[in-house]
Trainee: 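Before we start, here is the structure in question, set down as structure tokens.
Since we're looking at a predicted model, the values are computed, not measured.
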2 protein chains.
Amino acid sequence: MQTYDRILVQAAALFAQQGYEAVSMRDIAQASGIKAPSLYNHFSDKQSLYRATVQSVFTQHNEQLIDVLRSSHKPLDKLKKVIYLSAVKMAEDKIFRQLILRELLQNDPEKLQFLAEKVMADTCEHFARILRELNPSADHHFTITSLMGMLLFHFQIDIMRDFLPDAQAKHHRTDYLSEQIFLLVSQRLLNQ
Amino acid sequence: MQTYDRILVQAAALFAQQGYEAVSMRDIAQASGIKAPSLYNHFSDKQSLYRATVQSVFTQHNEQLIDVLRSSHKPLDKLKKVIYLSAVKMAEDKIFRQLILRELLQNDPEKLQFLAEKVMADTCEHFARILRELNPSADHHFTITSLMGMLLFHFQIDIMRDFLPDAQAKHHRTDYLSEQIFLLVSQRLLNQ
DNA sequence: GTCTATAGGCGGATAGAC
DNA sequence: GTCTATCCGCCTATAGAC
């Protein structure tokens with residue numbers, strides 16, 4: 001792998017784990033196997049490196065998710081499948097999950113607009129198309145944002161689940177959680 | 001207000017907005033109307049100040065929420081009411097919301113255990129009691145974590161909602177969101 | 001309890017050799 | 001493209017006067 005890509009990969013892991021301020025250029029350099037000044041041959045400053053990192057993680061994540069929707073089952077099966085695959089991605093891709101949560105904590109409206117329009121809106125549209133097939137008149141914006149909230153939260157709290165009341169082994173299983181989320185969403189959708 | 005409390009209030013706002021690493025002792029001192037070294041007469045170091053801040057915000061939040069459940073309506077009304085009041089608190093208390101999200105991004109198991117057992121578990125138990133009245137055999141752990149995920153996410157994304165597909169004015173209203181969350185949760189609960 | 005002064009370290013970033 | 005050396009500012013924290 002080229003130096004440039006190695007930097008992006010290592011920076012993504014560090015920024016996701018520790019946050020922008022807590023990660024130094026020296027940390028990223030060391031993880032990438034170079035010295036800090038060499039980073040400046042690839043990125044003009046720390047902010048640029050961060051932006052490139054975030055964009056790269058989000059772009060990759062979206063590309064992988066879009067592949068899912070090629071198949072054409074019945075709408076309800078499609079919804080179930082896309083929830084399951086989103087859940088798998090959320091469970092696996094801790095870097096994406098933590099980076100998006102960190103970006104959500106940003107207060108800069110520009111960054112939030114970028115996050116919404118360039119990262120989340122595509123995925124939302126995919127969901128929306130399926131939901132409209134199932135019920136043309138329901139409140140899909142609410143359903144989709146609820147879905148994203150649950151997908152993010154359920155997998156983010158995985159490591160602290162057992163400290164919460166009534167946690168069981170099944171609550172650590174991606175298939176169980178995605179099934180329950182599907183049932184929650186689809187029942188409301190069809191009864192609305 | 002005494003210096004000590006003024007520091008906690010100002011530190012809470014700064015830590016919630018910018019995160020631990022991004023806030024300097026000078027920032028907190030200036031916001032509190034003193035110089036940085038004076039902070040060390042109240043807290044032994046930055047970490048202690050942060051811990052005290054988080055604990056203070058979470059304790060206050062929980063106390064305010066517990067008051068809600070004194071009234072004894074029918075279980076379904078109680079659920080509706082407690083969801084509404086949690087939603088109002090989430091919408092209003094940006095400092096609590098952002099601090100809890102930042103703590104969720106921590107990877108230190110000790111801090112997560114503290115967050116789960118000392119901050120979230122109480123609230124979970126309140127929810128659980130109501131849910132058990134409505135359906136003794138349902139999966140309440142899943143329902144409650146779903147609820148918390150939705151409550152956090154829906155109000156955290158408020159400022160970027162309009163950049164997402166199909167957003168409408170009603171999606172900025174706390175009463176509408178809490179009603180929809182209630183319907184989502186209660187339908188699943190009663191059909192389970 | 002608060003201040004000024006300051007220690008000592010680490011941060012981002014640049015200059016210039018190779 | 002990568003390095004060593006270095007600048008300079010900000011950071012946490014302490015010493016000691018008032």
Trainee: Which one, D:dA13, C:dC3, C:dT14, comes nearest to the side chain of B:Y40?
Mentor: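 So the nucleotide nearest the side chain must be D:dA13.
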
Trainee: Between C1' on D:dT12 and CD on B:E21, what's the gap in Å once rounded to a whole number?
Mentor: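 Distance check: B:E21 CD to D:dT12 C1' gives 12 Å.
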
Trainee: Can you check the B:I7 CD1 to C:dG1 P distance for me, whole Å?
Mentor: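 From B:I7 CD1 to C:dG1 P: 10 Å.
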
Trainee: Within this structure, what is the CG-to-P distance between B:L39 and D:dT14, rounded to whole angstrom?
Mentor: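 After rounding, the reported distance stands at 13 Å.
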
Trainee: Using only side-chain N and O atoms of B:K46, determine if any of them is under 4.0 Å from OP1 or OP2 of D:dT12.
Mentor: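 Affirmative; the distance criterion is met.
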
Trainee: Whole Å only: how far is the CD1 atom of A:I28 from the P atom of C:dA13?
Mentor: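 In whole Å, C:dA13 P lies 10 Å from A:I28 CD1.
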
Trainee: Over how many whole Å does the gap from A:R26 atom CZ to D:dA5 atom C1' extend?
Mentor: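 One finds 12 Å between C1' of D:dA5 and CZ of A:R26, rounded.
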
Trainee: Taking the six-membered ring for Trp, are A:F142 and B:Y176 parallel (under 30°), tilted (30 to 60°) or perpendicular (over 60°)?
Mentor: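 Rings of A:F142 and B:Y176: perpendicular, over 60°.
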
Trainee: Measure from CE on A:M25 to P on D:dC7 and round the result to the nearest Å.
Mentor: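 Roughly 20 Å, once rounded to whole Å.
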
Trainee: Starting from C1' on C:dA13, measure out to CG on A:D45 and report it in whole angstrom.
Mentor: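 Nearest whole value for this atom pair: 9 Å.
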
Trainee: For DNA chain C, whose closest nucleotide is more 5', that of A:D27 or that of A:P37?
Mentor: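 Its nearest nucleotide being more 5', the pick is A:D27.
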
Trainee: To the nearest angstrom, how far is B:Y50 atom OH from D:dT12 atom C1'?
Mentor: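 Rounded to the whole Å, the gap is 18 Å.
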
Trainee: Under 4.0 Å between a side-chain N or O of B:S38 and OP1 or OP2 of C:dG1?
Mentor: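 Checking B:S38 against C:dG1: no side-chain N or O falls below 4.0 Å of OP1 or OP2.
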
Trainee: Measure up the A:F58 and A:F96 rings against each other and bin them: parallel (under 30°), tilted (30 to 60°), perpendicular (over 60°).
Mentor: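 It falls in the perpendicular class, over 60°.
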
Trainee: Under 4.0 Å between a side-chain nitrogen and a carboxylate oxygen: does that hold for A:E125 and A:R132?
Mentor: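 Between A:R132 and A:E125 there is a salt bridge, with a charged N closer than 4.0 Å to a carboxylate O.
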
Trainee: Return the CZ to CG distance between A:R26 and A:L39, rounded to the nearest 0.5 Å.
Mentor: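 That separation rounds to 10.5 Å.
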
